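One structure is given here, and the rest of the page talks about it.
Residue numbers begin at 1 in each chain, while the letters A, B, ... track the order of the sequences. Being a predicted model, the structure only gives us computed values, none of them experimental.
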Amino acid sequence: MEKLEVKNLTHHFGFTEILHDINFTLKRGEVVSIVGPSGGGKTTLLHLCSGLLDVEEGSVSNNFTSSAFAFQEGRLLPWKNVIDNIVVGLLARGDKKSIAIQQAKDIALKFGLEEDDFEKFPKDLSGGMKQRVNFARALVTKPSLLFLDEPFSALDIGLKRELYAHLMESCKEDDMSILFITHDLMEGIRLSDEILLLEADPGHIVKTFKYEMPKEKRDDTFVYEESAKILQDKEIIETFELNSLELK
Amino acid sequence: MKFFLKILKDFPAYLWSGWGAIASILLFIALWDVGNQVYGNLVLPSPLETFKTLYAMLHSQEVWEQIDITLYRASVGFGLSLLFGSILGLIAGFFATASMMSRPVVTILVGMPPIAWIVLAMIWFGMGDETVIFTVIVASFPIIFVGALQGTRTLDGDLKEMADSFHFPWHMKFMDVYFPHIFSYIFPAWVSGLGMAWKIVIMAELLATSDGMGAELAIARSQLDTPTALALVTIMIGSLMFIEYIILEPIKREVESWRS
């Protein structure tokens, strides 16, 4: 069974404790989101899980066969055009170039890019298009585990929905797992099997919320109702310091 | 290979865009002619006379020998600067301590007037090739060194992380992540280094040797042969413009087409 298991994970930057005693398990096919206020160590946690940072205390065991990362700001190579950007993940794992390029073209079209865009450099792409490329680059490798670092945060609602749908499809067809961080509770409710609430200073998990309802059945009403419910939760109010910002 | 074909393909369009530049050069020559009419032949020979002298010079074997000598000195000096400036700059850029320590040295090298270097070089090496080559190196090395250093200092950590997340093998990391960025800094530095080398070689020759184009210029000065002096200047500027606009600029455009 492929899974990502995090046990007693603690992390420091210098003398500051960023993460304290994190425990959770992500199984094949599951979607786990980490929700919490900015500066709460979410990105650090994701980097530790994906191996971009070295684990100091505790353990992260990841036996997923492949993984990919989609970043918040795209991080496209500015000197490569759309197709050459999408193809890097495939080339990095040693795929044949001609096949890789064909795959990249197919997925680019699927992600709403047009053939006219293929030769464009990132400087000529809009924010939304860059993010489409970013997702295509991550998903073209058909990873069994996908890490997402708030990649939706700067997108309009239509594009968000479109990308959600692509993710759902990959989850369903390829049994892909996702570990993603977000500060949007509704996004978490719509996509996840489990939401981990991370409180800051130092980052630790205060509560987990589980959602059993199949994802394709989660309509807007469900998401709104659950959001309303979760916003009444004592831990959510404290973690996001909602009570101190009561609107008068 | 594909890359060079692309440069060749875009070359005619690039040349066609040069009409504006040609117009401005012609305007400059017109002003020059006005200067000749105001100040007379001795002070400022007319463009026509200059170009006639130039034409005659380019047909003389002896002048080509002098050009060869200068070319040799400039290319050896510039080549060494290119090699060592790039390598040392890259190395210095990768280590914070090295880049910190090299900064004052670079300031000294840049701040010291080339003419002072020529004097020192004349004392150290005497009158000859070494003096000229040394001065060329001292003048163009820091420019290239700083370019390479900046290139490595400013590498984007986010892109490195992206490369790590996809497990790029080392050659891909170098070719796709580091190289294009560093090149976008180092290439302009090579261009300005080359311009510097070409100027300094003439100056060093004028003061420190008895052959080469600089020395020819010194002879023209002592004989008050203004047309020859101007013809030499035209050769120098013409060759620099040829290298910069016909060879380097098209390469630069192609390499940096990803930049806004």
Does [atom1] belonging to [X] count more than 12 external heavy atoms closer than 6.0 Å?
X	atom1	result
A:K142	NZ	no
B:F28	CZ	no
A:E169	CD	yes
A:K27	NZ	no
B:F94	CZ	yes
B:Y72	OH	no
B:M101	CE	no
A:F13	CZ	yes

Run the side-chain donor-acceptor check on residues 56-63 of chain A: report pairs under 3.5 Å with partners two or more places apart or on a different chain.
unit_1, atom_1, unit_2, atom_2, d
A:N62, OD1, A:F64, N, 2.9
A:N63, OD1, A:K3, N, 2.6

Heavy-atom contact with chain A under 4.5 Å, split by part of [X]:
X	value
B:H181	both
B:D176	both
B:V255	neither
B:M172	side chain

Applying a strict 4.5 Å limit to non-hydrogen atoms, the region of A:F121 in contact with chain B is side chain

If one checks every heavy atom of A:R93 against chain B at 4.5 Å, the contacting part turns out to be neither

Rounded to the nearest 0.5 Å, how far apart are [atom1] of [X] and [atom2] of [Y]?
X	Y	atom1	atom2	value
A:K123	B:S257	NZ	OG	7.0 Å
A:N134	B:M162	CG	CE	9.0 Å
B:E256	A:W79	CD	CH2	11.5 Å
A:L52	B:K160	CG	NZ	13.0 Å
A:L91	B:F168	CG	CZ	8.5 Å
A:S66	B:H167	OG	NE2	9.0 Å

*asked:* What I'd like to find out is whether the side chain of A:F71 reaches to under 4.5 Å of the side chain of B:S165, using heavy atoms alone.
replied: yes

Can you name the closest pair of heavy atoms from [X] and [Y] and give their distance?
X	Y	value
A:A92	B:P169	O-CD, 3.6 Å
A:P78	B:L159	CD-CD1, 3.9 Å
B:F166	A:G89	CD2-CA, 3.7 Å

